[in-house]
Amino acid sequence: MQAAAAVFTCTTAPLPLLRQRHRPLPLSPLRSSHLTTLPSNLSAPRTLRSWNRCSIIISPINGGTLRSDRIVARAAAASEEEGSEKGSSVIEVVQLGALFGLWYLFNIYFNIYNKQVLKVLHFPVTISAIQFAVGTLIVLFMWTSNLYKRPKISGAQLAAILPLAVVHTLGNLFTNMSLGKVAVSFTHTIKAMEPFFSVVLSAMFLGEMPTPWVVLSLLPIAGGVALASMTEASFNWVGFWSAMASNLTNQSRNVLSKKFMVKKEESLDNITLFSIITIMSFILIAPAAILVEGVKFTPTYLEAAGLNVKQVYTWALLAAICFHAYQQVSYMILQRVSPVTHSVGNCVKRVVVIVSSVIFFKTPVSPINSLGTGIALAGVFLYSRVKRIKAKPKTA
């Protein structure tokens with residue numbers, strides 16, 4: 001019968017006499033009682049203190065030869081490390097999935113509440129100013145409560161950020177103008193043209209020439225938007241061109257952001273940059289709202305217009321919170337994934353917003369209109385995929 005032997009080894013300070021090569025020695029079978037008893041010259045406390053440096057290897061003896069199997073211990077340690085890595089990766093995937101869910105949820109509710117306000121209060125500049133005002137309060141609360149570190153901004157940085165704040169303000173204003181004139185689903189169908197403006201502006205100002213695959217992916221986007229526009233029940237030119245202007249300004253902001261982030265000495269993280277832009281946008285649009293539309297958000301004015309003051313205030317507040325929240329979460333996602341992954345997620349978000357708005361507002365949609373919207377969104381998805389294909393460098 002196969003017997004077993006217990007060998008006590010220590011690796012902390014090998015003696016010079018033990019440096020010679022060991023040869024397998026024949027050992028007589030040990031009794032099972034030897035496996036459970038410690039040598040008499042070792043006390044229990046010292047053995048426990050040395051346990052992290054010493055090990056007892058139990059191996060079977062076959063034909064009087066000792067066979068040690070240290071690989072078992074190594075495999076066990078490797079499996080534990082692999083298990084911990086898998087656990088952390090699962091947590092990261094769950095967190096990322098939760099962020100994507102919040103991104104979509106906040107965007108859906110922003111479009112629903114914002115549309116409800118704009119249907120009864122036709123003052124897009126005032127509504128935009130309220131949204132930036134609430135965003136400014138959220139940013140200041142995050143800084144004062146140390147939820148996010150308050151940045152130190154120089155005058156040169158503020159001067160560089162000012163153009164970003166201008167186009168960001170205009171982008172939100174034009175979006176609200178479009179939402180006030182046409183259906184939510186149609187506004188977001190037109191905003192599917194963003195890749196077209198991104199390609200043109202990047203080529204003009206950044207020198208980034210598109211690959212043939214990128215150019216081809218723009219064709220279904222333009223064709224789908226055109227088909228959806230021809231069959232849109234709520235179509236009007238003000239809403240259409242406002243959405244197009246929103247595409248232009250938003251993509252201008254992205255191009256300017258790339259140029260700003262290239263300067264390492266002036267670069268800021270995305271969330272800090274967005275927070276500063278939000279505050280500057282409020283400072284820019286608040287006087288414009290008063291000059292262009294006057295003070296139209298007082299309880300007296302709303303009551304005189306026959307509106308439910310509490311309901312309008314609630315819708316406006318929720319829309320403003322969701323507006324800031326979905327953009328904040330978007331930047332948080334962008335810090336965790338590649339721009340291509342974020343672009344694909346943005347394409348899916350637009351589909352979710354269109355479908356949810358059609359269901360909530362019971363928007364009449366014809367089959368041809370649905371086909372055009374689907375073609376445009378498919379083109380956006382294709383664009384986000386072929387964007388990864390790099391042009392081959394020209395050989396001399």
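Below, all heavy atoms of this structure are taken into account, side chains as well, without hydrogens, waters or symmetry copies.
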Chemist: Under 30°, 30 to 60°, or over 60°: which ring-plane class applies to Phe235 and Phe186, parallel, tilted or perpendicular?
Modeler: perpendicular

Chemist: Determine the minimum heavy-atom distance between Val125 and Glu293, stating which atoms define it.
Modeler: N-OE2, 3.2 Å

Chemist: Under 4.5 Å between side-chain heavy atoms, counting indirect links through other Ile/Leu/Val/Met/Phe/Trp/Tyr residues: same cluster for Val134 and Val312 or not?
Modeler: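 Yes, one cluster joins them.
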
Chemist: When clusters are formed by joining ILVMFWY residues with side-chain heavy atoms under 4.5 Å apart, either directly or through shared neighbours, do Val139 and Leu137 land in the same one?
Modeler: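 In one cluster: no.
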
Chemist: Given 3.5 Å as the limit, does a donor-acceptor pair link the side chain of Ser330 with the main chain of Tyr326, or not?
Modeler: no

Chemist: So does Ser154 get a backbone contact from the side chain of Gln157, meaning a donor-acceptor N/O pair under 3.5 Å?
Modeler: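 The answer is yes, because a donor-acceptor pair under 3.5 Å joins these two groups.
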
Chemist: When you compare the side chain of Leu158 with that of Ile276, does any pair of heavy atoms fall below 4.5 Å?
Modeler: yes

Chemist: What are the two closest heavy atoms between Ile285 and Ala129, and how far apart are they?
Modeler: CG2-CA, 3.6 Å

Chemist: Check whether any side-chain N or O of Ser217 sits under 3.5 Å from a backbone N or O of Val214 as a donor-acceptor pair, and report yes or no.
Modeler: yes

Chemist: Side chains of Thr187 and Lys191, heavy atoms from C-beta outward: is any pair under 4.5 Å?
Modeler: yes

Chemist: Check whether any side-chain heavy atom of Leu273 sits under 4.5 Å from a side-chain heavy atom of Asp269, and report yes or no.
Modeler: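 The answer is no; the side chains never approach within 4.5 Å.
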
Chemist: Taking the side chain as C-beta and beyond, is there a heavy-atom pair between Thr363 and Ser357 under 4.5 Å?
Modeler: no

Chemist: Side chains of Leu140 and Ile279: closer than 4.5 Å at any heavy-atom pair?
Modeler: yes

Chemist: Specify whether Trp237 and Trp241 have parallel, tilted or perpendicular ring planes, treating 30° as the upper limit for parallel and 60° as the lower limit for perpendicular.
Modeler: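 Trp237 and Trp241: parallel rings.
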
Chemist: Does Phe381 share a hydrophobic cluster with Val352, counting links as ILVMFWY side-chain heavy atoms below 4.5 Å and allowing steps through other members?
Modeler: no

Chemist: Counting only heavy atoms not in Phe197, do more than 12 sit closer than 6.0 Å to its CZ atom?
Modeler: yes

Chemist: Under a 4.5 Å cut-off applied to non-hydrogen side-chain atoms, are Pro220 and Ile375 in contact?
Modeler: yes

Chemist: Which residue pairs pass the salt bridge (charged side-chain N to carboxylate O under 4.0 Å, His left out) test with at least one member in residues 328-350, sequence neighbours excluded?
Modeler: Glu194-Arg350

Chemist: With a 4.5 Å heavy-atom cut-off, do Leu302 and Tyr313 have their side chains touching?
Modeler: yes

Chemist: Treating Ile, Leu, Val, Met, Phe, Trp and Tyr as nodes and any side-chain heavy-atom pair under 4.5 angstrom as an edge, say whether Leu179 and Phe361 lie in one connected cluster.
Modeler: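 Yes, one cluster joins them.
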
Chemist: Under 6.0 Å from the CH2 atom of Trp143, do we count more than 12 heavy atoms belonging to anything else shown?
Modeler: yes

Chemist: State, yes or no, whether a side-chain contact exists between Asn172 and Phe323 at a heavy-atom distance under 4.5 Å.
Modeler: yes

Chemist: Do you know which two heavy atoms are closest between Val182 and Ser234, and how far apart they sit?
Modeler: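 In terms of heavy atoms, the two residues are closest at CG1-O, 3.3 Å.
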
Chemist: Verify the cluster assignment for Tyr331 and Val167: are they in a single hydrophobic cluster under the rule of side-chain heavy atoms below 4.5 Å apart?
Modeler: yes

Chemist: Please determine whether side-chain contact (heavy atoms from CB on, under 4.5 Å) holds for the pair Val184 and Phe360, giving the CA-CA distance in whole Å, both sets of side-chain angles, and the decisive distance to 0.1 Å.
Modeler: CA-CA 10 Å; Val184 175; Phe360 183 85; over 6 Å; no

Chemist: Taking ring pair (Phe, Tyr, Trp, His ring centres under 6.0 Å) as the criterion, tell me which of Phe141, Phe106, Phe274 meets it with His324.
Modeler: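 Filter result, single survivor: Phe274.
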
Chemist: Where the side chain of Asn369 meets the backbone of Val365, is there a donor-acceptor pair that is under 3.5 Å apart?
Modeler: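 Not a single qualifying donor-acceptor pair exists.
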
Chemist: With no hydrogens and no angle check, is any side-chain donor or acceptor of Asn176 less than 3.5 Å from a backbone partner on Ile127?
Modeler: no

Chemist: Would you check, one step at a time, whether the test side-chain contact (heavy atoms from CB on, under 4.5 Å) holds for Trp103 with Ile333?
Modeler: CA-CA 9 Å; Trp103 187 23; Ile333 294 174; 3.6 Å; yes

Chemist: Quick check for you: to the nearest 0.5 Å, what is the distance between Ile354 atom CD1 and Thr189 atom OG1?
Modeler: 4.0 Å

Chemist: Please report the interatomic distance CZ(Phe110) to CG(Leu318), rounded to the nearest 0.5 Å.
Modeler: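 That separation rounds to 12.5 Å.
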
Chemist: Nearest 0.5 Å, what's the OH-CG distance between Tyr383 and Leu219?
Modeler: 13.5 Å

Chemist: Measuring from atom CG of Leu284 to atom OG of Ser128, what distance do you get when rounded to the nearest 0.5 angstrom?
Modeler: 12.5 Å

Chemist: Would a distance-only check, ignoring hydrogens and angles, find a side-chain to backbone donor-acceptor pair under 3.5 Å from Asn146 to Met142?
Modeler: no

Chemist: SG/Cys322 to CG/Leu105 distance, rounded to the nearest 0.5 angstrom?
Modeler: 7.5 Å

Chemist: Check the orientation of Tyr301 and Phe123. Use parallel for under 30°, tilted for 30 to 60°, and perpendicular for over 60°.
Modeler: perpendicular

Chemist: Looking only at heavy atoms, which two atoms of Leu118 and Pro124 are closest? And how far apart?
Modeler: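 What the structure gives for the nearest pair is CD2-CA, 4.3 Å.
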
Chemist: Looking at every heavy atom in both Pro163 and Ala159, which two are closest together, and how far apart are they?
Modeler: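 Pro163 and Ala159 have their closest heavy atoms at CD-O, 3.3 Å.
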
Chemist: For the backbone of Ile271 and the side chain of Gln328, can you confirm whether one donor and one acceptor N or O come within less than 3.5 Å of each other?
Modeler: no

Chemist: Within the side chain of Lys119, is there an N or O that forms a donor-acceptor pair under 3.5 Å with the backbone of Gly180?
Modeler: no

Chemist: Give the intermediate values and the outcome of side-chain contact (heavy atoms from CB on, under 4.5 Å) for residues Gln131 and Asn114.
Modeler: CA-CA 10 Å; Gln131 291 168 0; Asn114 198 35; 2.8 Å; yes

Chemist: Could you go through the side-chain contact (heavy atoms from CB on, under 4.5 Å) check for Gln311 and Trp315 one step at a time?
Modeler: CA-CA 6 Å; Gln311 187 180 59; Trp315 286 344; 3.4 Å; yes

Chemist: Hey, is the main chain of Ile190 close enough, under 3.5 Å, to the side chain of Asn247 for a donor-acceptor pair?
Modeler: yes

Chemist: Ignoring hydrogens, what is the shortest heavy-atom contact between Val120 and Leu307? Give both atom names and the distance.
Modeler: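 Smallest interatomic distance, heavy atoms only, reads O-CD1, 3.7 Å.
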
Chemist: Distance only, no hydrogens: is a donor on one side chain within 3.5 Å (strictly under) of an acceptor on the other, for Ser281 and Thr169?
Modeler: yes

Chemist: Working to the nearest 0.5 angstrom, can you tell me the gap between Ser275 OG and Arg150 CZ?
Modeler: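 Reported to 0.5 Å precision, the distance equals 12.0 Å.
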
Chemist: Return yes if some donor-acceptor pair links the side-chain N/O of Thr249 with the main-chain N/O of Ser246 below 3.5 Å, else return no.
Modeler: yes

Chemist: Do Phe132 and His168 have their ring centres less than 6.0 Å from each other?
Modeler: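 So the answer is yes for these two rings.
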
